[in-house]
4 protein chains.
Amino acid sequence: MKKKKVPSLVKDERLIKTRREQIVKAAVELFNRKGYHGTTTREVAQASGFSIGTLYEYIGSKEDILYLVCDAVYDEVVEKWERLVDKNLVGLERLHQVIQSYFRVVDDLQDEVLVMYQESKALSGEALNYVLQKELSMKVMFEKEIRSCIEKGLITIDEEEISLACHNILVAGHMWTFRRWIIQKEYDIEAYCDLQIAQLFRGFQIKDHSFQPARSNINSEGR
Amino acid sequence: MKKKKVPSLVKDERLIKTRREQIVKAAVELFNRKGYHGTTTREVAQASGFSIGTLYEYIGSKEDILYLVCDAVYDEVVEKWERLVDKNLVGLERLHQVIQSYFRVVDDLQDEVLVMYQESKALSGEALNYVLQKELSMKVMFEKEIRSCIEKGLITIDEEEISLACHNILVAGHMWTFRRWIIQKEYDIEAYCDLQIAQLFRGFQIKDHSFQPARSNINSEGR
Amino acid sequence: MKKKKVPSLVKDERLIKTRREQIVKAAVELFNRKGYHGTTTREVAQASGFSIGTLYEYIGSKEDILYLVCDAVYDEVVEKWERLVDKNLVGLERLHQVIQSYFRVVDDLQDEVLVMYQESKALSGEALNYVLQKELSMKVMFEKEIRSCIEKGLITIDEEEISLACHNILVAGHMWTFRRWIIQKEYDIEAYCDLQIAQLFRGFQIKDHSFQPARSNINSEGR
Amino acid sequence: MKKKKVPSLVKDERLIKTRREQIVKAAVELFNRKGYHGTTTREVAQASGFSIGTLYEYIGSKEDILYLVCDAVYDEVVEKWERLVDKNLVGLERLHQVIQSYFRVVDDLQDEVLVMYQESKALSGEALNYVLQKELSMKVMFEKEIRSCIEKGLITIDEEEISLACHNILVAGHMWTFRRWIIQKEYDIEAYCDLQIAQLFRGFQIKDHSFQPARSNINSEGR
DNA sequence: TATGAATGAGGTTTCATTCAT
DNA sequence: AATGAATGAAACCTCATTCAT
C-alpha cells in the first residue's frame, strides 16, 4: 500500500515536513470544531501560522489536508501504540495489554481519531483507499494477537468469529471518541478500558478461569 | 423531548406530510451517494420531483432536510423494530429477539441509518440535540430489556456494565452500515446477527447454560 | 459540424437567447478593450446588466463566453454578408460585389471580428475546432465564386493559386481590423475596398480588359 | 524610436545579455505552446534554467519578458533578412528577392514570429508602441524597394496603392504562421513563396513582360 | 549573483436562498 | 401552491512579485 503523493512546490524536504505538521495540527483542531466542510482553507492557513499562498505551497488541494491528517493520525496511533505495548508480556496478558494500550492511545489522541473517523469519508479515490487499507491493517494486528492466543489454547473462539471480534475491538476504540458526548459522561477511560475488555474477554471464552487482568492504572502521560 | 419545528409556508398539513416524505426519500438516496455537503438543494428538489421554489415551501433551510431525514429514519427504525418484536416472548428469548430484530431493521434500512449516522453531526443546536436524545432513547430500550433479565436472574452483569453493553449493542447495529465496505464482504446479515449476539450473550454471563438461541432465519421482506 | 453545446441552468429557451445576446454584446466590448484574459467574469456580468450568479446560469465557464462570441460573430458576419450580396449579379460583377460586401461587413462588425480574430486561439478542443471549421467554410464560399468565374472563362488563374487567393481575400478582411491602428489612418473603407479589390483582380488576370468595377459607394447602414 | 529600458538588478552587461537570450528562447517555446497568459513566470524561469528569483534579476515584470521576445524576434528577423538579400541584385529581381527572403525568414522563425504576432497586443503603453513602430519600419523597407522600381519605370502602381501593397506583403508573411493550421497543409514554403509573389507582381502591373522570376530554390539552412 | 519560500490580491465558480409571477 | 430566474457571499485556488539568506 503506497502512500498517496501530495504535491508541494517547495523543495526542502525538511521544511515540507515541518510545515505539514503545522498544517495537520491546525487542521485537526479546526476539523474537530467545525468539521472538514465547515472549515475553509484560509482558516487552516491562518491557524497554521502562514498565508493562504504558503499553504498551497505544501498541498495541492483542500482534500490533501484531510489526507495528511488521516495519514498522520494513523501513523501516530500505530507508533504510540507500539511504544506502549510491553514486548515482554505473553499470552492473555499480552492480549489484554494490546487492547488496553489501543484504548489508551485512542483516548490520548481523541480529537485526531475522531476527525479521521468522521471525515475520512470525504476523501476520494486513491486517498480514501489508502486510509481504508490502513484501517484494515489495524484490524489485522488484533487478529494476529488473537490467533496467537488460540494456538496456545488460551481462548476458544470460532474461526468465523475472530474477524468480527477484531472489528468489535477496533470500533470499541472509535466509540470512545464518536460517542464521547454520552459515554465519557458515564465512564472515565480506565473504567471504559476495564469494562470493555472484561466483556470482550468473556466473549473469548477464556479457559483459564483464574486469569484476572489487573485493573487499569493509566497515568496519562501529558497531552 | 420536543420535536424541532420545521417551518413551512404551506397550510395543508396533509400536503406537508406527503411532500416531506418525498423530500426525505430523495435526500436519503442523495446523501448516501454524495454526502450531505456534496448534495445541493437543487438536486434534492429535482429528485423529489418538484422545483427548488417548492422545496423551500416545505423547509426553512438545507439543514432542515437533514433534520427531517434523521427524524424520519429514527421513527421508521423504532416503528419497524416494534413491529418485528414478538410480544409473547419472555426472558432470554425475548432479549435475543429484541437485539436480533434491531439488527434486522438496521439491515433493512441500511442507507437511511448510514446517512443518519454519518451526517447527523452536521446538525446544529436544537436539531442535533433532538437527534442525540432519540439515539439515547434507543439505548434505554435495551437497558430495560437487560434489567428485566437481570431481575429475573437470567443474566449476571455488573450494574456499571449495563449501560456499556447497551452502547455496544447499538453500535454493533451501526457498524453493520458504516463498516459495510468490509464487514458485509465477510458476513451476511444472518451470520452477523448470530455471531454478534453470541458474543454479547457470552459477555452477559448467562446462567442457564442450556440456553441455545435459535439460529437466525431471516426472510428479508422486500425493501 | 455541430455547434458545441453550452450548458445553461435556465429552461426558457427564449430567455437564454436574450441573455446570451446581452452577454455577447457586453463581452465584445470588454474583450476588445481589455482582451479576453484581461476581462473578468464579474465585469462581463456587470456589463451584461446582471449579477455574476446570473451569468453562470447561462454559461458553464468563462471560455463559453468566448465561444458564444465567436459563434455569434460568425453567424452575424455570414448573415449580413448574404443579405448584402445582390443575387441578380453574375460574372465578374458578382465576384466583385461578393468581395466588396465581405469587406463592408467586416468594417461594420469591426470590433466583433477583431475579437474573434485575436482571441479565438484561447478556445480549446471542441470549441476551437468548431470556430476553425467556420473560418474554413468562409474560404470555401470565395472558392465557389472564383471557380464559377473560371468556368465562364472570365479569369485566368492556376488551379493551385485559387485556394491561396481565397486566403488572401479572407485575410484582407481581417487585416482591416487587426491593422486598424495604422491602416485605417491611411485609408477609409471605400478606398480600402477599391484598392484591395483592384489588386486582387489584377492578380486574377481578367481577360475582358473593358471590365471596370464601379467605384465603391458605401452607404453604411447604421449598425 | 528608443528601446524601452528593461530594468535589471545585475550590473554585468554581458551576463544580462546571455541570461536574456536564455529567457527569450524559453519564452518563445512556452508562449507558442501555451500562450502568454497561459504561461507562468515560474515556467519561464524553469525553462530558462534558473530560479524564479534569478529571473526577476533580469526583468522587472512578466510583461518585460514578452517585450524582450518581441524585440529580439524583430531584430532577428531583420538581421536574417538583410543577410539573405543579395546586395548585387537590382530592379525587379531585387524586389523579388527581397520579398522572397522575407518569406523565407518568416518560415525559418515561424514560432518566434507567431508569438510576436499573436501576443504583442498584450503589451501596454511604451512597449506596445515600440513594437508597433518596429512593425512599421518593416513596411517602410518594402516601400523603399517598390518606389525604387517605380522610379526606374519597372512597375506601374498608383501612389495610393503602394502602402497597401506593402501591408499585403507584410501580412502575407505573418499569414504563413498564423494560418499555418490550414495553409501549411496546402502549400510548402517554396510554393507559397512563388504563388504569393506571382500574385503580388501581377498586382504591380509589371511593364517588362519578359520578366520571369526564377522559381524558388530554397535550401533551408538548418533549423 | 542566485535562490526559493512567502505573500495576498484577485480570479473563477458554486450554491443556499429569495421573490415576482 | 408552484415555479424558476436572480442573487451575491464566499469558497477554492493561482501566480506575479518580493526579500531574507
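The sequence lines fix the lettering, A, B, ..., with proteins before strands; numbering per chain opens at 1.
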**Request:** Measure centre to centre between the rings of D:Tyr117 and C:Phe178, then say whether the value is under 6.0 Å.
**Result:** yes
**Message:** So D:Thr54, base contact, sugar-phosphate only, or nothing? Heavy-atom distance under 4.0 Å.
**Reply:** base
**Request:** Measure the distance from CD on B:Glu43 to P on E:dT14 and round it to the nearest whole Å.
**Result:** 12 Å
**Fill in**
Out of E:dC15, E:dA6, F:dA16, minimum distance to the side chain of A:Leu15 belongs to E:dA6
**Asked** Can you tell me how far P of F:dA2 sits from CD of B:Gln46, to the nearest Å?
**Response** 17 Å
**Prompt:** Roughly, in whole Å, what's the span from OH in B:Tyr56 to P in F:dG4?
**Reply:** 16 Å
**Asked** Between F:dT3 atom P and B:Phe50 atom CZ, what is the distance in whole Å?
**Response** 9 Å
**Message:** So that I can tick it off, tell me whether D:Lys17 and D:Glu21 are bridged by a salt bridge, with the cut-off set at under 4.0 angstrom between side-chain N and carboxylate O.
**Reply:** yes
**Asked** Quick one: on DNA chain E, does B:Gly53 or A:Glu57 contact a more 5' nucleotide (nearest heavy atom)?
**Response** A:Glu57
**Message:** Classify C:Ser8 by what it touches in the nucleic acid, base, sugar-phosphate, or nothing, heavy-atom distance under 4.0 Å.
**Reply:** nothing
**Message:** Heavy atoms from C-beta onward define the side chain here; which of E:dT3, F:dA16, E:dT17 lies closest to that of D:Arg42?
**Reply:** F:dA16
**Request:** Could you give me the CA-CA distance, side-chain angles and deciding distance for D:Ser124 and D:Glu63, then say whether side chain to side chain donor-acceptor pair (under 3.5 Å) is met?
**Result:** CA-CA 8 Å; D:Ser124 64; D:Glu63 208 187 294; 3.0 Å; yes
**Item:** Interatomic distance where NZ belongs to A:Lys11 and P belongs to E:dA6 [whole Å]
**Value:** 14 Å
**Item:** Aromatic A:Tyr130 / basic A:Lys2 pairing, under 6.0 angstrom, 45° off normal
**Value:** no
